Amino acid sequence: MLKIENLHVRVAGKEILKGLSLEAKAGEVHAIMGPNGAGKSTLGNVLAGRPGYEATQGTVTFDGRNLLEMEPEARAAAGVFLAFQYPVEIPGVNNTYFLRAALNAQRKARGGSELDSMQFLKLVREKVREMGMTPELLNRAVNEGFSGGEKKRNEVFQMALLEPRLAILDETDSGLDIDALKQVAAGVNSLRSPERAFLVITHYQRLLDYIVPDFVHVLADGRIVESGDAQLARELEAHGYAWVRERAPAEARA
Amino acid sequence: MNAALTPFVESMQDAALAPRLPGSGLAWLDSARATALQAFVQRGLPEVRNELWKYTTLRALSQRRFAAHDAEAAMRMVPPSMLPAVAGDAVRVVFVNGVFRPDLSTSDRLPEGARLQPLSQALREQPEPLRFLLGAQDSEDDGFTLLNRALATEGVILRVEAGTKVAAPLHIVHVGLAGEREAAWHLRSLIELGEDASLDIVEHHVGESGAGHLANLVRDINLRDEARLGWTVVQTAGTEAILLRRCDCRLGDAATLDFHALELGGKLARHEVRVDLAGARARFSSRGAFVLHGRQHADTEILVTHRGRDTVSDSLWRGVADGRGRGVVHGRIMMQPGADGAEGGFYNKNLLLSPDAEIDTRPALEIYADEVKANHGATVGQLDENVLFYLRSRGIPLDMARRLLVRAFCAVTLDGIEPPALREHCGALLAAQLPESMA
């Protein structure tokens with residue numbers, strides 16, 4: 001589904017990703033771990049198409065299409081979803097209105113029909129029930145005045161509604177207390193499916209106790225220096241990132 | 001000092017020679033008109049060195065000529081779309097190219113206690129009560145108010161008696177249609193609410209695109225003690241329209257003025273609103289937005305003077321300029337001696353959507369009293385790239401994301417417009433004005 005080869009990315013004139021390669025198939029959950037500054041968030045942003053993130057080398061294909069050439073909205077319509085590390089507040093834009101505009105824009109881009117307000121409300125109610133979302137949050141402006149946990153839950157709720165094929169969670173665990181973390185993880189787990197792939201970007205192993213990944217990759221200095229299964233995350237927790245750097249081949253440390 | 005006799009001034013002098021001004025023959029009125037014209041010819045159009053005209057240059061206007069009137073105005077067909085129903089039971093007063101149209105108006109349906117006359121009729125039937133309004137001059141007059149004193153032919157003279165609560169809104173529509181020649185018209189209105197009276201006015205400016213004209217409106221609003229006026233101005237004039245509007249409002253004890261404005265049309269649309277909070281506990285609230293494209297120019301001046309104790313003013317304005325649009329917002333709060341306990345606020349945020357657009361915003365406070373609170377704030381910025389990316393990452397195309405954010409930015413000023421049907425109407429007009437694609 002997603003194939004990244006030798007990806008180099010520059011942000012504000014500085015090379016952040018330096019030859020990253022990764023392949024994720026439908027149904028798989030990949031965790032991306034690494035120290036601060038390794039390029040974890042850059043990976044999420046470049047996949048979602050954030051302006052200013054310039055790929056200078058390498059390729060990213062998504063279902064065979066060149067993802068890097070697509071506008072952010074086209075990537076979303078193709079099934080890419082980024083749960084933001086810092087979801088933005090949008091005063092004056094009602095959450096329900098926003099969700100309907102997003103869903104219908106995606107449906108339209110895929111050549112499907114738009115949902116009318118009755119059909120949409122029915123769908124939203126279903127998802128609210130499934131995800132244990134606080135219905136009041138839907139009547140407020142997008143993320144405005146939401147707590148940190150509410151914002152992250154809203155991201156997962158959007159994911160449930162938009163049903164992406166590739167979901168990227170950018171430090172969705174940061175700033176959450178243990179209860180909020182469990183809620184968010186339960187939401188994500190309920191969305192795991194054979195048709196959907198996840199990239200779970202996190203600094204801490206904690207989240208991976210609740211979202212158990214199929215693969216764990218360690219990102220350091222712009223490339224993946226170690227890959228393994230869920231056990232790798234536990235070893236990292238025990239030894240720290242310095243341990244990976246010591247084990248990394250010399251050329252990866254350059 | 002005589003200002004240059006520009007084509008504009010000449011055409012206004014010609015207009016004054018017309019024998020058709022209503023009320024001519026009344027000695028006091030003839031004299032006031034002649035004096036005002038003379039003063040206008042001497043002074044000319046307002047210049048940018050005038051603080052209130054600093055960002056609105058009239059150099060191009062001064063080279064244009066306007067006909068004294070549109071001879072066909074009483075007969076012109078008005079497309080139904082230009083007479084929107086803002087509220088089912090609204091009483092409507094329509095002016096086409098500055099001429100009152102009884103055939104399109106329903107002002108005879110106003111309830112007991114409210115009386116509306118077109119200025120021309122009032123001057124014919126009982127001019128004396130208007131002597132104070134039309135016979136005087138004012139140190140605050142500028143070129144356009146002088147012109148208005150010299151040439152006003154029509155307007156709304158409305159009085160609501162003490163204690164009368166008018167339930168249905170009064171809908172005043174100014175329609176600008178293409179004529180043989182580009183015409184100028186000057187309307188003078190007086191709206192007076194007696195003690196504890198209440199009224200809502202919706203003022204629409206609509207017009208054909210491509211039809212050039214100049215409308216010069218001067219109004220006085222006088223709210224006696226505890227009177228309440230809701231006043232909403234919706235401006236979707238044609239692309240070539242020039243609108244120069246001034247309103248002088250005076251509020252007595254505990255009187256309330258709720259002002260909303262949506263400025264979307266016109267080539268040059270200026271509105272100077274002066275509010276004198278003379279009575280104790282008088283309250284003024286204003287909410288407004290403009291959205292400009294092409295080479296549109298909008299200038300809003302909100303000049304509030306607190307004189308009474310415990311008076312309150314609160315203004316919130318939003319401006320958006322695309323293309324080569326130019327917006328001007330000037331909010332001035334003056335606290336006069338004796339206005340103890342007064343609170344004033346003026347807040348203005350603006351969005352520039354193109355590198356060639358410009359918005360000048362100037363909040364100003366002048367405080368001559370102790371024990372008052374005054375706040376202001378003004379910003380000019382651009383759409384937040386992070387927010388745009390967030391919307392796009394959810395599948396919303398860039399142009400739609402921009403429209404969504406611009407609309408949300410302005411929509412806060414529509415809060416409080418009553419009735420809800422009018423608020424929805426304003427929201428739809430706002431949405432329609434948002435650029436289809438913004439580079």
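Chain identifiers are assigned alphabetically (A, B, ...) following the order of the sequence lines, protein sequences preceding nucleic acid strands; residue numbering begins at 1 within each chain. Because the structure is a prediction, the values reported are computed rather than measured.
Across B:C410, B:A411, B:A401, B:P397, the residue that shares the most heavy-atom pairs under 4.5 angstrom with chain A is B:P397. The most heavy-atom pairs under 4.5 Å with chain B, out of A:P72, A:A105, A:A102, A:P51, come from A:P72.
Separating the CD1 atom in B:I396 from the CD atom in A:E73 is a distance of 9.5 Å, to the nearest 0.5 Å. Distance check, rounded to the nearest 0.5 Å: CD of A:E71 to OG of B:S393 gives 13.0 Å.
In this structure, A:R65 places its CZ atom where only 12 or fewer heavy-atom neighbours from other residues, nucleotides or ligands lie under 6.0 Å away. Taking a 6.0 Å sphere around OH of A:Y97, one finds it holds 12 or fewer heavy atoms contributed by other residues, nucleotides or ligands. Crowding of B:Q382 atom CD: a count of heavy atoms from other residues, nucleotides or ligands under 6.0 Å not exceeding 12. Around atom OH of A:Y86, no more than 12 heavy atoms belonging to other residues, nucleotides or ligands sit under 6.0 Å away. Within 6.0 Å of NZ on B:K349 lie no more than 12 heavy atoms contributed by other residues, nucleotides or ligands. Counting heavy atoms of neighbouring residues, nucleotides and ligands inside a 6.0 Å radius, atom CZ of A:R140 exceeds 12 of them.
With a threshold of 4.5 angstrom between heavy atoms, A:V80 approaches chain B through N, CA, C or O but not through any side-chain atom. For A:E89, the part lying near chain B is the backbone, with the side chain staying farther off; criterion is any non-hydrogen pair under 4.5 Å. Proximity to chain B involves both the backbone and the side chain of A:P87, based on heavy atoms less than 4.5 angstrom apart. For A:R50, the parts lying under 4.5 angstrom from a heavy atom of chain B are both the backbone and the side chain. For chain A, the nearby parts of B:V387 are the backbone and the side chain; heavy atoms of each come within less than 4.5 Å. Residue contact with chain B, scored on non-hydrogen atoms closer than 4.5 Å, is absent for A:A109.
Taking the ring centre of A:F98 as origin, the terminal cationic atom of B:R394 falls outside the region bounded by 6.0 Å and 45° from the ring axis.
Aromatic rings from B:F389 and A:F84 are positioned such that their centres are separated by under 6.0 Å.
At least one side-chain heavy atom of A:V93 sits under 4.5 Å from a side-chain heavy atom of B:L404.
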**Request:** Would you check, one step at a time, whether the test side-chain contact (heavy atoms from CB on, under 4.5 Å) holds for B:D384 with A:V88?
**Result:** CA-CA 10 Å; B:D384 186 329; A:V88 298; over 6 Å; no

